[in-house]
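Residue numbering restarts at 1 for every chain, and letters A, B, ... go by the order of the sequence lines.
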Protein chains: 2
Amino acid sequence: MPAKRSPARRPTMKDIAQRAGVSESAVSFALNDRPGVSEITRDRVRRVAEQLGWRPSTAARQLSGEGTATVGLVLARPADTLGVDSFFLQLISGIQEVLAERHLGLLFQVVEDVDDECAVYRRWWAEHRVDGVLVVDPRTDDARPDLLDELGLPAVVIGGAPDARHPGLSTVWADDAGAMASVVGRLYELGHRRIVHIAGLPGLAHTERRIRTLRAEAERRGLAEVCSVTTDYSDAEGAAVTRRVLEGGVLGGGSPPTALVYDNDVMAVAGVAAATELGFSVPGDVSVVAWEDSALCRMVKPWLSALSRDTVAFGRTAAVELTSLLDGGPARAVGVPVPGLIERDSTGPCGPCGA
Amino acid sequence: MPAKRSPARRPTMKDIAQRAGVSESAVSFALNDRPGVSEITRDRVRRVAEQLGWRPSTAARQLSGEGTATVGLVLARPADTLGVDSFFLQLISGIQEVLAERHLGLLFQVVEDVDDECAVYRRWWAEHRVDGVLVVDPRTDDARPDLLDELGLPAVVIGGAPDARHPGLSTVWADDAGAMASVVGRLYELGHRRIVHIAGLPGLAHTERRIRTLRAEAERRGLAEVCSVTTDYSDAEGAAVTRRVLEGGVLGGGSPPTALVYDNDVMAVAGVAAATELGFSVPGDVSVVAWEDSALCRMVKPWLSALSRDTVAFGRTAAVELTSLLDGGPARAVGVPVPGLIERDSTGPCGPCGA
DNA sequence: GCTGTGCACTAAAGCGCTTGAGTCAGGTCA
DNA sequence: TGACCTGACTCAAGCGCTTTAGTGCACAGC
C-alpha cells in the first residue's frame, strides 16, 4: 500500500448537523437564510459551519436544482492571434473582480473557431457545467445567440450591438460608430482627406460597424479617397497591408493616404515600423491612430495616438450584467463610455498633402 | 406567467435506459466500458446515448465519487502587470489543447497575491470544484506546495525547480540556469565584460535562479562588473532601470555596462527606447537580449535578440503531467528544452568597450 | 437431479444538498 | 375543553450518477 498521506476530509452538512444537534434540513435553512429556524439556532449553526470550515459542495447543490455557481467564457481565436493582444487578459481580470466577489467560478476555454465554440456551449450545457456565459467577438452573422437561446443559457454578449431578435441576451457595447466618427472628424480637422482604415477580422461585428461608419462619415464629408482593409490583427498583416497601402496599391489614384487608423495597437506599431522603413515619416507624411491603447503605444517612437478605453471596467460591466441575469433580472443592453482619442505624437496636421 | 421559451431538457441516463429497454445500471456499465453487459447491449446503449445527445452531468458524476473533470489555474498578478505579457495566454492555449482532448474544464481565476491564491485553492477544494491545479510563478519561499499537499490536491508546478520536499507535486521546468549561462557565455565571446541583468519580480523562483546563475558565471569568468536589478516586469520600470543603469548608477566605477539582459520582452523594448533616448546606440554602445521572444521583439528597430522557447508546448507539457497525475500516475519532474538564443540585431561585438 | 459456475442484467443504496410534507409543542380563541 | 394556529424542526424524497450486492438463467459436472 503506498504510504499516501491521507488528505483532510471535507466537512459536510451532516457534520454540522451533528455538532449543532439539529437536523440537516435545519442546517440548510439556517445557512441559506431561509425561514424555519430560530435566530438562536441559525447563529449556532453558522458558527459551527464556520468553525468546521464548511463550504457547500457545488456538485451536490447543483444536483438539487441550484446553479453551478460557474460561468463560462470561450475564446475563439487561433493560438497565435491570441499572443500579443492585451485586451483579453484585461477584460478577464475585470470580469473576475466581479465574479470573485460572488464566489462564481470562471470556466475558460480557448478554441479555434466559432463552430468549436458552439460545440463547447452545447457540452457545457449538457454537462451542467455553467449557469451562464460571456460571449466575446460577436459576428455579423452569428450562430451563437440562436444556440444560446435554444439552450436557455443566460448570456451577455460583449461588444455586440443591441439585438432585438434575441430578447434573452444582454449586451454590453461600446459605441464604435461614435468613436470612429470622432476619429474621422479629428483627422478631417487636421486636414486629412485620404484615410485608410486597417481593420481587424472581417465578420466581427465591431469590425463591420467601424467600416460602415467610416464609409458613412466619408460620404457625409464628401471624401472619396477613404477605405478599409481587413486583416487578422497580426503584426505581420499589419505591416504587409501598411506597405501595400503606402505604395499606393489601395487608394484610388495610386498615391498613398495621409492618415492610417489601425484596429489594434499591435498592427499600429508594426505599421509604423513598416512605414518608417519605406521612408515615410510619422506623423510628417502620414498620421497614425491605434484603436486600443496599451503600454505598447508608448514603447515606440513616436508615441502612438490611440483610442483608449477602460477594458477592465468593460469586463466588470459585462460580469455585472451576467450576474444580474443569473439573479433573474431582465436582459438589457448597456453601453460603456465611448473610447476617447488620446493624441500623442503619431498624429499631426496634414502638411503639403492632398495635392 | 412569463412567456419564457422552455429550454431544451437535458437527457439523463434514465432516458437512455428507457429507450434502450435496460436498467440504468446497465447503461452506466455500457457507457463506462465496464464489464457486465454484452457487446450488443453496449452498442445499443451507446447509439441511443449518442442519438439523444447525452453527456454525463459532471455534478452527479462527482457526487458519486468521480472527479469533477475540471482543473484549476490561478494567476496571482495585479491586473496591470498582466497586460502586455503574451506568456500566459500562450501557456494557457497550450494547456487547453491537452485538456480539451480529454474534456477537462479549466477553472481560471486572477487574484492579487499568493495569499489570495491560497484562499482560492482552499475554496476550490472545499467546494469540490477541481481535481487538480496548475501552479504558476513558483516562489523561493512558497506556501503553496505545503497547502496543496495538505489538501491532497494533485498539482503541477510550472517553472519551478524539482522539489524533493514535495514528492506529491509534479514539476515542469525550464533550465533557466543553463540558458543564462549560455547567454553570458555568448556575450563574453562577443567581448562583453560589463553586464547588467534587468530581472523580473524578486521572490519568483526563476528570477532568483537566473540571478544566482549570473553571479556564478561572472565569478567563474572573473567578471567583477556584473549584476542584477529586480523589477516588476513593467515597461515603466524596465525603462527607468535602464536609465539608471546607463547613467552609471548601478555598476561599480560609475560607467555603463556594454550588455543588458532583460527578463522579458516588454522591458527589453522599453529599455531599448530609453537607451536610444539617452544617446546610446544598440548594439553599437550596448547589446540587448530579451528573455522571452514574441512578435514584440520584431516590432522595434533594431530587432531584438531573444531567448526563445515554445511556450505553447510548455503549457501542453504541464497539462499532460497533470492529467497523468489525475490518472494516478506518479509525480515527476520533467524538463522542457532550454530556451535558445536567437541572435537578431540588438547584439553585437563589444567595440571600443571595456576601457 | 442437484449443486456449482459464469454471465447478463437489475435493485437499491449512497454521494451532499434542497425542499415539500409532516410532526409536535405551546399558545389563542371560542 | 377542544378545535385551530403558528413557529421550529424533522423526515424523506429526489437530483443523476456509480457501485455493491444480488437475481435469474444457461450450461457443466457429479
For B:Gln62, which residues count as a side chain to side chain donor-acceptor pair (under 3.5 Å) partner, sequence neighbours excluded?
B:His128

Counting only pairs under 3.5 Å, give me each side-chain donor-acceptor contact of residues 313-325 of chain A, with atom names and distances, residues two or more places apart or in other chains.
from: A:Arg316; atom 1: NH1; to: A:Glu97; atom 2: OE1; distance (Å): 2.8
from: A:Arg316; atom 1: NH1; to: A:Glu97; atom 2: OE2; distance (Å): 3.3
from: A:Thr317; atom 1: OG1; to: A:Ala313; atom 2: O; distance (Å): 2.9
from: A:Glu321; atom 1: OE1; to: A:Arg332; atom 2: NE; distance (Å): 3.2
from: A:Glu321; atom 1: OE2; to: A:Arg332; atom 2: NH2; distance (Å): 2.6
from: A:Thr323; atom 1: OG1; to: A:Ala319; atom 2: O; distance (Å): 3.4
from: A:Thr323; atom 1: OG1; to: A:Val320; atom 2: O; distance (Å): 2.7

Backbone of A:Ala60 reached by a side-chain donor or acceptor of A:Ser64 within 3.5 Å
yes

Restricting to salt bridge (charged side-chain N to carboxylate O under 4.0 Å, His left out), what partner residues turn up for A:Arg10, sequence neighbours left out?
none

Salt bridge (charged side-chain N to carboxylate O under 4.0 Å, His left out) partners of B:Asp113, counting only residues at least two apart:
none

Flag, side chain of B:Asp15 to backbone of B:Thr12, donor-acceptor distance under 3.5 Å:
yes

Partner set under ring-ring contact (aromatic ring centres under 6.0 Å, His included) for B:Phe108, not counting sequence neighbours
A:Phe108

Nucleotide C:dC17, atom P - distance to CZ of A:Phe29 in whole Å:
15 Å

Boundaries of the chain A footprint along DNA chain D (any atom under 4.0 Å from a heavy atom)
D:dA8 to D:dG16

Assign B:Ser25 to base, sugar-phosphate, or nothing according to its heavy-atom contacts below 4.0 angstrom with the strands shown.
base

Just to be sure I understand the geometry, which residues of residues 31-47 of chain A put a non-hydrogen atom under 4.0 Å away from DNA chain C?
A:Asn32, A:Arg34

Expected list for residues 46-55 of chain A: side-chain donor-acceptor pairs under 3.5 angstrom, two or more places apart:
from: A:Arg46; atom 1: NH1; to: A:Asp33; atom 2: OD1; distance (Å): 3.1
from: A:Arg55; atom 1: NH1; to: A:His103; atom 2: ND1; distance (Å): 3.2
from: A:Arg55; atom 1: NH1; to: B:Glu127; atom 2: OE2; distance (Å): 2.3

Considering non-hydrogen atoms only, spot the tightest contact between A:Val71 and A:Val130 and give its length.
C-CG1, 3.9 Å

Among residues 61-69 of chain A, which contact DNA chain D at a heavy-atom distance under 4.0 Å?
A:Leu63, A:Ser64

Tell me the salt bridge (Lys or Arg N to Asp or Glu O under 4.0 Å) pairs involving residues 151-170 of chain A, sequence neighbours left out?
A:Asp163-A:Arg165

By the definition side-chain contact (heavy atoms from CB on, under 4.5 Å), identify the one residue from A:Leu204, A:Leu91, A:Val156 that meets it with A:Val136.
A:Leu91

Which residues within residues 11-23 of chain B lie with some heavy atom under 4.0 Å of an atom in DNA chain D?
B:Thr12, B:Met13

Go through the structure and list residues passing side chain to side chain donor-acceptor pair (under 3.5 Å) with B:Thr171, not counting sequence neighbours.
none

Side chain of B:Asp327, backbone of B:Gly329: donor and acceptor closer than 3.5 Å?
no

